[in-house]
Amino acid sequence: MSRFVFLGVALTLLSGVGSPVAAAPRATPVVVDVDAYGADPTGRTDSTPAVTAALRHAKSVDRPVRIVFSKGTY
């Protein structure tokens, strides 16, 4: 095999062309906002039950999940 053919094959493999992983569409993550479960970003009340509920919901989802905490003290 010549160096040029080897280089072409190597570049094709590295670029991901023809790879099923590269061709697969990315799943849009489900956004789980802890405030929607009753978390208090002011820090005045305990947010543990709300965060726990949000994490349990996130664990039950069969897609990628993004857990969002708004700015504040929990």
Side-chain angles (χ1 to χ4, degrees):
M1 181 184 296
S2 75
R3 283 185 277 173
F4 296 111
V5 172
F6 178 77
L7 181 60
V9 170
L11 288 175
T12 301
L13 291 173
L14 290 174
S15 68
V17 174
S19 168
V21 174
R26 290 190 136 165
T28 304
V30 173
V31 176
V32 176
D33 188 346
V34 297
D35 292 348
Y37 288 84
D40 177 23
T42 66
R44 293 186 188 125
T45 59
D46 185 12
S47 294
T48 303
V51 172
T52 301
L55 292 173
R56 282 193 180 133
H57 173 72
K59 186 177 177 183
S60 72
V61 176
D62 289 336
R63 293 181 17 204
V65 177
R66 183 174 153 220
I67 300 171
V68 177
F69 287 79
S70 60
K71 187 175 181 178
T73 304
Y74 288 90

Determine the sole option in Asp62, Ile67, Val61 for which the side chain to side chain contact (heavy atoms under 4.5 Å, CB included) test with Val30 is passed.
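Only one of Asp62, Ile67, Val61 forms a side chain to side chain contact (heavy atoms under 4.5 Å, CB included) with Val30, namely Val61.
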Please name the pair of heavy atoms, one in [X] and one in [Y], separated by the smallest distance, quoted to 0.1 Å.
{"X": "Asp46", "Y": "Pro49", "value": "O-CD, 3.9 Å"}
{"X": "Val34", "Y": "Ala50", "value": "O-CB, 4.3 Å"}
{"X": "Pro41", "Y": "Ala39", "value": "CD-O, 3.4 Å"}

Tell me, please, which residues at least two apart from Thr45 pass side chain to side chain contact (heavy atoms under 4.5 Å, CB included).
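By the side chain to side chain contact (heavy atoms under 4.5 Å, CB included) rule, Thr45 matches Asp40.
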Can you name the side chain to side chain contact (heavy atoms under 4.5 Å, CB included) partners of Val31, sequence neighbours left out?
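Expected list: Arg66, Val68.
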Check the angle between the aromatic planes of Phe69 and Tyr74 and answer parallel, tilted or perpendicular using the 30° and 60° thresholds.
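Because their plane-to-plane angle is over 60°, the rings of Phe69 and Tyr74 count as perpendicular.
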Counting only heavy atoms not in Arg63, do more than 12 fall under 6.0 Å of its CZ?
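Buried by this count: over 12 neighbours within 6.0 Å.
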